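Report on one structure; see the data block that follows.
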Amino acid sequence: MKSGWTALIQRGKTGKGAYLDIAIADVVLSLMTTHVAVESGSGEQHGLAKLSRGYVCYGIYRTQDNRYVALGALESWDNFCLAVERKQWLSARMSLQREDNPIFQE
């Protein structure tokens with residue numbers, strides 16, 4: 001059985017795809033350790049409340065053409081800000097998604 005990375009490398013070199021048999025239950029089970037750690041450390045029983053439309057770096061936003069984009073840039077916030085040419089947003093990663101937040105005033 002190939003891993004996802006091996007399959008991507010193979011496709012890049014040969015142009016041929018691969019069949020990947022991945023059990024989603026195994027993946028979800030591995031994520032439970034994070035959930036248990038969050039609950040133990042914060043008392044939050046259903047994940048971090050701030051990641052549910054709390055912080056600007058993690059949310060769903062309406063675009064100028066009235067479509068939507070999901071942003072999950074916890075670790076990659078700096079790269080995101082530089083890619084969209086908004087260096088002034090760098091310090092706002094963990095600020096709250098509120099209308100009075102300066103990041104939404106531009």
Side-chain angles (χ1 to χ4, degrees):
M1 184 170 113
K2 294 182 185 288
S3 73
W5 291 114
T6 306
L8 283 173
I9 291 169
Q10 173 185 307
R11 188 196 63 188
K13 289 184 175 183
T14 67
K16 295 181 181 178
Y19 175 78
L20 300 177
D21 183 9
I22 302 169
I24 194 165
D26 293 344
V27 175
V28 171
L29 184 61
S30 71
L31 294 174
M32 289 304 294
T33 56
T34 304
H35 177 77
V36 170
V38 167
E39 183 178 348
S40 297
S42 69
E44 298 276 351
Q45 293 184 349
H46 302 289
L48 295 173
K50 296 293 184 196
L51 294 184
S52 178
R53 301 183 58 140
Y55 293 130
V56 297
C57 65
Y58 200 89
I60 299 173
Y61 295 98
R62 185 187 309 248
T63 61
Q64 287 183 343
D65 60 355
N66 286 322
R67 299 175 86 183
Y68 291 89
V69 63
L71 177 65
L74 290 170
E75 295 86 4
S76 57
W77 179 252
D78 292 356
N79 292 334
F80 170 74
C81 292
L82 296 175
V84 297
E85 300 178 354
R86 294 292 190 270
K87 203 172 190 178
Q88 67 274 23
W89 292 357
L90 289 170
S91 63
R93 173 192 321 201
M94 301 307 268
S95 63
L96 298 177
Q97 287 185 34
R98 297 181 359 182
E99 287 186 30
D100 62 343
N101 187 328
I103 199 170
F104 297 120
Q105 304 306 315
E106 294 185 26

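All figures in this text were calculated on a predicted structure; none of them were measured in a lab.
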Not counting sequence neighbours, which residues clear ring-ring contact (aromatic ring centres under 6.0 Å, His included) with W89? List them please. none
Residues which pass salt bridge (charged side-chain N to carboxylate O under 4.0 Å, His left out) with R11, listed by chain and number, not counting sequence neighbours: none
Find out if a path of hydrophobic residues (ILVMFWY) with successive side-chain heavy-atom gaps under 4.5 Å connects [X] to [Y].
X   : Y   : answer
L96 : M94 : yes
F80 : Y61 : yes
Y19 : L8  : no
W5  : L20 : no

Measuring from atom CG of L29 to atom CD1 of I24, what distance do you get when rounded to the nearest 0.5 angstrom? 12.5 Å
SG on C57 to CD1 on I103, rounded to 0.5 Å: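 Interatomic distance, I103 CD1 to C57 SG, rounded to 0.5 Å: 9.5 Å.
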With a 4.5 Å heavy-atom cut-off, do K87 and L82 have their side chains touching? yes
Hey, does Y58 have a side-chain heavy atom less than 4.5 Å from the side chain of L71?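 No - every pair of side-chain heavy atoms lies 4.5 Å or more apart.
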Compare every heavy atom of [Y] with every heavy atom of [X], then report the nearest pair and how far apart it is.
X   : Y   : answer
V56 : A92 : CG2-O, 3.0 Å
G17 : Q10 : O-NE2, 3.1 Å
Y55 : R93 : CB-O, 4.0 Å

Contacts of S40 that satisfy side chain to side chain donor-acceptor pair (under 3.5 Å) - sequence neighbours left out: none
Is there a donor-acceptor contact under 3.5 Å from the side chain of Q105 to the main chain of E99?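 Yes.
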Any sub-3.5 Å donor-acceptor pair from Q97's side-chain atoms to I60's backbone N or O? no
